[in-house]
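Below is one structure; the comments refer to it alone.
Convention: sequence-line order gives letters A, B, ...; per-chain numbering from 1. Side chains included, hydrogens not; waters and symmetry mates left out as well; all remaining heavy atoms used.
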Amino acid sequence: MAAEEQKETATLPKLTPFDNHPTPTSDVQHETEEILLEHLPSPDATAQSPYALNKSVHIQFLAKHLIKGLNARYISQDASQPWLLFWILQAFSCMGVVLDPDNCQRAIDKILACQHPAGGFSGGPGQAAHLLTTYASVCALAIIGRPGKGGGWEEIDRKAIYDFFLSVKQKDGSFLVAHHSEVDVRGIYCLLVVATLLDILTPELIAGTPEFIASCQTYEGGFSSSSFPSYDPHNPQKILEGSPRPALGEAHGGYTFCAVASWVLLQPYIKLLPPEAPKPSIDLKALLRWLVLMQGTESELGGFRGRTNKLVDGCYSWWCGGAFGLLEALGVGGLENAKSVSEEVIDQEEEALKGLKIGGGDWVDIDDELFNSKALQEYILLAGQAPDGGLRDKPPKAPDVYHTLYCLSGLSIAQHHVFPSTSKCKKLSEAWNPFNERKIDLGVSSEDKDLNASLRREAYAAILSWDEDIARASSYAHIVGGKDNRLNATHPITNLTMTHTEGIAKWAYGL
Amino acid sequence: MSEGRATLFADREEWKDVEPLEQYENLNPLAPILYTPEYKDATGYFRAIAKSGEKSPRVLVLTEAIIRMNPGHYSAWQYRYETLLAIDAPLDVELKLMNEFAVKYLKSYQVWHHRRLLVTIMRKPIPELAFITLSLSEDSKNYHTWSYRQWLLAYFNDEEDLWAKELDFVERMLAQDIRNNSAWHHRFFVVWASGVRDGEEDRERVLKRELTQQSISLAPNNASAWNYLRGILNHNKVAFSSVAEFVKLYTVPYDASRKDIVDVDLPPPGPSADLPCAAAIEFLADVYEQEGDKDGVQRATELWKSLATEHDTIRVKYWEHRIREALESVQS
């Protein structure tokens, strides 16, 4: 008996070391690992693969919420109604489910009922406009809407959204998420996605924003919610001259995704700044290190956590895992951006890396990613799926629509390789018609005109330059659990499919 | 009506003059939330009030009722704030209510932001420190609570009454849980990121005090302490090699026969330490890489390989990447 037990435990990964110094953090960490390890497939697993993605039960779970509604527990999400729709609709898109025309129209009508008369979209009818729900609404419309009257796109009041954006802008380049509300990088991400997709990105809107984003990077390498300068203790209006701008809150997965995606979306603007202008920068090496350290070890089944010394959670599959795709746009990782290296160095590298490649079995190694995509898929498939449908933070928690989407988006980025293609970007930029004027008048001042025109072209080319690695897309070798688990590819910035991103952007830019 | 349940607004005499607004008119919405009667009732009146623009004491009653059912209703918070200002309501009463709410709805963004709006006007930051400490005893890693404390310090910036005891507070939080990364971040905020405090002008002394060797020797496998150590060395532009002798003690298995030299700068691991420690190996590899020559990269590569194959196998792709980058950098 004892020997048998020993044999069984010997095959399990070892728990996170705690140096025989227990604290509340290590206690809850170990409890979690014990539960997660129960989800490892037993060697004598029955016919059904433990790695199967149970799409049909997840689709039923989502359909039930969409049609029958969400129980009273979701009252806490009453100010996030466009989010609830976006999470459900995008989870469907990820799994290749298309809504019928009747339900599409109902979804469009609901989102449009959340449009605020003074600009932007609200958490629900009669609520105030908010940057986050504006992103969720526009992305939901990207999925279900169409050009033409009644299709949801023509009904978006873009000038009013632009005015709302300007009305929440702060002197330091940041934005309030809503009037009288907090500043944080989630809001900036949401604003930049919407402005880029809908052709309302102007130099005036985003002046100072890169500096603000850069100031939110912490000593750990990830990003915090926001930053704040020191004030004169005797004058509540006066920022102390030369004061530093420390980050408020520690490095965090959700804020890091938003900050890095914002940084990528700001690149066209940063590149167009005059050469003599000071260019803000971020520490990419520290960022990469922090991101890879967010991935849990074998005893955590390879899921991602959101902060140092916190627990893994399925939603960080997207917030942290998804950030690796963004890094490629900044020159970190990815074959597309590989530097040209001499044969001699390649030989040396091969020699040094001998015997390191992960895998075994059917796993085909891929050199274009910096996190363990196989382990991430395993976490989502083994621990993320709730038996009765829907995906979750971790067992034994109940699933919800938020975790269902972000687990699926994370699974999608772990299956596919979507990268910023420099050649596609160049092509789009060169094919741009210089006489293509913006369809709406934003009242851009005449001195900004040239910069404004260039920014439009470059922002459009950049957001649509993302492309799927064809060689990888045509093989199922990187999909844990086999081809039935395949999901649609996800655009690393918008968290929409590639097709939906392209559809609404082309319409908005009049192309 | 069942006991303890608040009267619906529809049944209240003082609301007779208001016609509640339906949320969706002529629309059968997808993904509807199945509201409780109380929530549906209160939010119907809120939509009506938000439309008419009324700012009066009864709006405070209404928004409080909604917030109690859904503390994430940001529009109710926003409207409540505008109403407080418009009717010149006593803010100390509001802050008292917030004391109750902060504990009840700890995870809500709005509860902390509303507090910040109130304290900005009231300008009484000192009692806030004790309140925050109390809240952290409920949830020691709450992101909003820590951010609020950091905002309070930076905005009011009072050296004597706010900042003076902050390091003691950090020490107490870390004594409760040396792995609490929020407390480590706060430490960095206090000692480094916010600038130089009174009495801390001797940065060399401060750096020496902050090197965290004692923390690491207590629990070597603590990512928070290693990140802090890296953070302060980078912030002060001090080479990692300055602590190489200390770090080396943690890159090898525990050796009971070793005679420890008593040196406060080189506290050794204890017998219960789980060694070798991956974070120490990673750190030492960085020390070698920073030497900048082929020999250094060679030694770093050996360490990265040991991480990839043995001590930190989940990150094999990253360690491969580090090896590649390092080899390419000494070539060019």
Side-chain angles (χ1 to χ4, degrees), chain A residues 17 19-21 23-26 65-66 69-72 74-76 78-79 84-85 88 103 106-107 109-110 113 124-128 178-182 219-220 225 228 230-231 233 244 246 248-250 292 295 297-298 302 307-309 341 345 348-349 352-353 356 358 369-370 372 375, chain B residues 21 23-24 27 29-36 39 47 50 69-70 72-75 78 81 109 113 143 146-147 150-151 154-155 157-158 177-179 181-182 185 188-189 193-195 218-221 223-224 227 231 272-274 301 308 314-318 320-321 323-324 327-328 331:
Chain A
D19 305 303
N20 201 22
H21 183 85
T23 65
T25 297
S26 59
H65 285 90
L66 191 71
L70 301 106
N71 65 30
Y74 280 93
I75 284 179
S76 67
D78 185 43
L84 294 170
L85 264 185
I88 295 171
N103 279 318
R106 285 174 68 196
D109 294 343
K110 178 167 179 175
Q127 299 182 27
H179 295 296
H180 302 307
S181 294
E182 70 275 9
Y219 68 94
E220 292 194 274
S225 64
F228 198 79
S230 299
Y231 273 68
L248 296 187
E250 73 206 275
V292 295
Q295 187 160 26
T297 61
E298 287 84 353
R307 303 187 235 166
T308 303
N309 274 335
V341 188
V345 178
Q348 277 186 24
E349 286 176 13
L353 298 174
L356 286 192
I358 45 165
E369 58 193 16
L370 296 168
N372 195 326
Chain B
L21 263 187
Q23 182 166 225
Y24 292 99
L27 187 69
L30 270 184
I33 297 172
L34 307 172
Y35 300 114
T36 58
Y39 189 80
R47 280 185 291 273
M69 291 183 275
N70 174 16
H73 199 303
Y74 66 90
S75 307
Q78 189 190 80
Y81 175 68
Y109 276 86
H113 183 71
Y143 203 93
W146 283 104
S147 311
Q150 286 149 18
W151 167 79
Y155 183 58
N157 207 15
D158 180 311
D177 187 345
I178 204 170
R179 299 184 178 92
N181 198 59
S182 306
H185 180 270
F188 195 90
F189 176 89
S194 301
L218 197 62
N221 289 282
S224 297
N227 283 355
S272 58
D274 292 303
T301 298
I314 204 89
R315 271 168 276 284
V316 58
K317 304 299 280 184
Y318 175 65
E320 284 181 11
H321 168 79
I323 292 170
R324 267 197 217 101
L327 286 173
E328 284 164 23
Q331 288 298 325

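- For the atom pair CD (A:Q295) and NZ (B:K317), the distance works out to 12.0 Å, reported to the nearest 0.5 Å.
- At a 4.5 Å heavy-atom cutoff, the contact between B:A50 and chain A is made by side-chain atoms alone.
- The parts of B:H73 that come within reach of chain A are both its backbone and its side chain, each placing non-hydrogen atoms under 4.5 angstrom from that chain.
- Shortest non-hydrogen contact noted between A:A72 and B:T36 is CB-CG2, 4.2 Å.
- Taking chain B as the reference chain and counting heavy-atom pairs below 4.5 Å, the highest number among A:D78, A:N20, A:I88, A:N71 is found for A:D78.
- The two residues B:Y143 and A:E250 come nearest to each other via the heavy atoms OH-O, 2.5 Å.
- Counting all heavy atoms, side chain and backbone alike, B:L30 lies closest to A:L85 at CB-CD2, 4.3 Å.
- For B:R315 against A:T297, the heavy-atom pair with the smallest separation is NH2-CG2, 4.0 Å.
- Between atom OG of residue B:S147 and atom CG of residue A:L248 there is a gap of 6.0 Å, rounded to the nearest 0.5 Å.
- In this structure, the portion of A:A375 lying under 4.5 Å from any heavy atom of chain B is its side chain and not its backbone.
- Between the side chain of B:Y155 and the backbone N or O of A:F228, no donor-acceptor pair lies under 3.5 Å.
- A:K110 contributes no side-chain N or O that, together with a main-chain N or O of B:Y24, makes up a donor-acceptor pair within less than 3.5 Å.
- Here the OG-OH distance, from A:S181 to B:Y81, works out to 11.0 Å after rounding to the nearest 0.5 Å.
- In this structure, B:N221 contributes its side chain and A:P17 its backbone to no donor-acceptor pair below 3.5 Å.
- When each of B:S194, B:A219, B:A154 is scored by its heavy-atom pairs under 4.5 Å with chain A, the top score falls to B:A154.
- Inter-residue side-chain proximity for B:L34 and A:L70 is flagged as unmet; no heavy-atom pair is nearer than 4.5 Å.
- Per-residue heavy-atom pair counts under 4.5 Å with chain B were compared for A:H65, A:H179, A:H21, and the maximum is reached by A:H21.
- Counting only heavy atoms from C-beta outward, the side chains of B:R179 and A:S26 approach each other to under 4.5 Å.
- Heavy-atom pairs under 4.5 Å with chain A were tallied for B:A273, B:S182, B:A223, B:G195; the largest tally goes to B:S182.
- No side-chain donor from either of B:N181 and A:N309 sits under 3.5 Å from a side-chain acceptor of the other.
- Rounded to the nearest 0.5 angstrom, B:Y39 OH and A:I75 CD1 are separated by 6.5 Å.
- Checked by atom type, the side-chain pair B:D177/A:T25 shows a donor-acceptor distance below 3.5 Å.
- Contact detail for A:Y231 and B:N157: the closest heavy-atom pair is O-ND2, 2.9 Å.
- Here the straight-line distance linking atom CZ of B:R47 with atom CD of A:Q127 works out to 8.0 Å at 0.5 Å rounding.
- Heavy-atom pairs under 4.5 Å with chain A peak, among B:Y35, B:W146, B:F188, at B:F188.
- Atom OH in B:Y74 sits 11.0 Å away from atom CD in A:E182 (nearest 0.5 Å).
- Counting heavy-atom pairs closer than 4.5 Å to chain A, the top residue among B:Q150, B:H321, B:H113 is B:H113.
- Of the listed residues (A:P233, A:A128, A:G126), the one with the most heavy-atom contacts under 4.5 Å to chain B is A:A128.
- Put simply, the side chain of B:H185 never gets that close to the backbone of A:E220: no donor and acceptor are under 3.5 Å apart.
- Contact count against chain A (heavy-atom pairs under 4.5 Å) is highest for B:P32 among B:P32, B:G231, B:A193.
- Looking at B:S224, both its backbone and its side chain come within 4.5 Å of chain A, counting heavy atoms on both sides.
- Looking at B:I33, both its backbone and its side chain come within 4.5 Å of chain A, counting heavy atoms on both sides.
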